[in-house]
Number of protein chains: 2
Amino acid sequence: MANDFDLSRFLPYALNQAAEATSVGFQKYYRQKYGMLRTEWRVLFHLGQYGAMTAKELCARASLHKTKVSRAVQALERKRFLSRTTQEHDRRYETLALTRQGQDVYADLYEAARKYDADLSSHFSPQEREILNRCLERIARI
Amino acid sequence: MANDFDLSRFLPYALNQAAEATSVGFQKYYRQKYGMLRTEWRVLFHLGQYGAMTAKELCARASLHKTKVSRAVQALERKRFLSRTTQEHDRRYETLALTRQGQDVYADLYEAARKYDADLSSHFSPQEREILNRCLERIARI
DNA sequence: GGATATTAGTTAGGTTTGTAACTAACAATA
DNA sequence: TATTGTTAGTTACAAACCTAACTAATATCC
């Protein structure tokens with residue numbers, strides 16, 4: 001089994017390992033403090049960063065399946081972090097928006113994320129970090 | 001909401017998006033062709049690359065929980081890709097090894113992975129690819 | 001040697017996820 | 001305006017997962 005190509009350098013594997021390693025650490029912020037799941041956190045962040053939008057838009061932006069979004073939205077609504085308003089001109093759509101409380105939670109988690117990311121960044125040179133970002137963005141588009 | 005810090009640059013998020021994007025594409029090889037799950041594929045690859053070992057070793061190497069490994073091993077055994085042998089000197093341990101058939105599957109998937117990775121690599125300069133690998137490896141260790 | 005603690009791996013029960021079928025609203029065509 | 005199709009979002013059911021409790025084997029300590 002002469003290997004030039006190593007499992008640890010196989011991109012899907014290496015990315016998953018890295019993603020898992022960083023995600024586990026951040027989980028404790030949204031999970032312990034607010035009882036949120038990963039998808040809920042993502043939905044909250046998207047609404048916090050980009051403002052109110054429909055579930056469909058959210059699916060497209062976040063590359064999430066509509067059932068996952070549907071369930072996350074229900075959960076966030078139960079927690080009173082998010083409200084929905086059926087659109088008048090087409091009653092199939094509903095606008096999702098953070099409540100006041102949801103915005104507070106977002107602000108809190110946003111700060112936690114910023115710090116967490118800064119901690120991670122300290123392991124890299126600015127050049128590495130920039131290239132890493134660039135590469136990840138490119139991969140996500142494939 | 002003036003943002004210097006963007007969701008798409010939050011490492012846990014960006015890594016997950018990238019990991020998901022690349023994993024979905026590779027899934028079809030092990031899933032369609034061999035009906036394997038992600039964890040099963042990982043176990044198979046570890047045994048293929050590093051040779052026989054115990055479940056405990058596998059857990060440590062692959063950063064997988066023992067219940068996940070236990071189930072993947074059972075599944076691979078059902079498929080006749082893997083066999084177990086209780087160790088004589090300590091009958092709690094069992095040595096996991098690929099069967100002949102398992103090795104063939106590994107060889108096939110190994111080739112698929114190599115090609116898949118080469119395709120992905122074509123999106124990067126050699127320098128980018130090298131830095132990407134280096135960064136991912138470093139993150140996984142955190 | 002016998003009681004107690006650890007360790008490798010499995011099983012059980014509840015939670016989360018994925019897939020596919022569904023409902024309700026709108027669009028298009030006749 | 002009826003028929004047929006499409007679309008946004010939900011629900012149902014099965015598969016997968018997580019956590020914690022378990023079994024069986026070995027180690028430790030008296």
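Below, read A as the first sequence line, B as the second, and so on, with proteins coming before strands; counting in each chain starts at 1.
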Contact string for nucleotides 19-29 of chain D, one letter per nucleotide 5' to 3', B = base within protein heavy-atom range under 4.0 Å, S = sugar-phosphate only, - = neither, reads BB----BS---

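Near DNA chain C, meaning a heavy atom under 4.0 Å away, there are no residues from residues 12-23 of chain B.
When rounded to the nearest whole Å, the span between CD of Glu94(A) and P of dT23(C) equals 18 Å. Distance, Glu77(A) CD to dG9(D) P: 13 Å, rounded to whole Å. Rounded to whole Å, the distance from CD on Glu57(A) to C1' on dT7(D) is 15 Å. Regarding Arg38(A), its CZ atom lies at a distance of 9 Å from the P atom of dT17(C), rounded to whole Å. Between the P atom of dG9(C) and the CG atom of Leu76(B) lies a distance of 15 Å, rounded to the nearest Å. For the pair Gln74(B) CD and dT11(C) C1', the computed distance is 9 Å after rounding to whole Å. Spacing between atom NZ of Lys56(B) and atom C1' of dT7(C) amounts to 7 Å, rounded to whole angstrom units. If you take CG of Leu64(A) and P of dG9(D), they are 14 Å apart, rounded to a whole angstrom.
Using modelled atom types and a 3.5 Å distance limit, the side chains of Tyr34(B) and Asp108(B) yield a donor-acceptor pair.
Grouping Ile, Leu, Val, Met, Phe, Trp and Tyr by side-chain contacts under 4.5 Å, direct or through others, puts Ile131(A) with Ile131(B).
Residue Val73(A) is the one, among Val73(A) and Thr39(B), whose nearest nucleotide of DNA chain D lies closer to the 5' end (criterion: closest heavy atom).
Scanning for salt bridge (Lys or Arg N to Asp or Glu O under 4.0 Å) contacts around Arg31(B) gives an empty result, with sequence neighbours left out. Applying the side chain to side chain contact (heavy atoms under 4.5 Å, CB included) rule to Glu88(A) yields no partners; only residues at least two apart in sequence or on another chain are considered. Listed by chain and number, the residues in a side-chain hydrogen bond (donor to acceptor under 3.5 Å, both in side chains) with Ser121(B) are Arg129(B) (sequence neighbours excluded). Tyr30(B) pairs by the ring pair (Phe, Tyr, Trp, His ring centres under 6.0 Å) definition with Phe26(B), Trp41(B), not counting sequence neighbours.
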Distance-only donor-acceptor hits, side chain of residues 89-97 of chain A, under 3.5 Å, sequence neighbours excluded:
from, atom 1, to, atom 2, distance (Å)
His89(A), NE2, Gln87(A), OE1, 3.0
Asp90(A), OD1, Arg92(A), N, 3.1
Asp90(A), OD1, Arg92(A), NE, 3.2
Asp90(A), OD2, Arg92(A), NH2, 2.9
Glu94(A), OE2, Arg84(A), NH1, 2.8
Thr95(A), OG1, Gln87(A), NE2, 3.1

Side-chain donor-acceptor pairs under 3.5 Å in residues 60-67 of chain A, sequence neighbours left out?
from, atom 1, to, atom 2, distance (Å)
His65(A), ND1, Thr67(A), N, 3.2
His65(A), ND1, Thr67(A), OG1, 3.1

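With dG9(D), dT11(C), dT11(D) as the candidates, the nucleotide lying closest to the side chain of Arg84(A) is dG9(D). The side chain of Tyr93(A) lies closest to dA8(D), out of dT10(C), dC18(D), dA8(D).
Tyr116(B) and Tyr29(B) have perpendicular rings, their planes meeting at more than 60° on a 0 to 90° scale where under 30° would count as parallel.
Applying the 4.0 Å criterion to OP1 and OP2 of dG9(D), one finds that Ser70(A) has every side-chain N and O outside that range.
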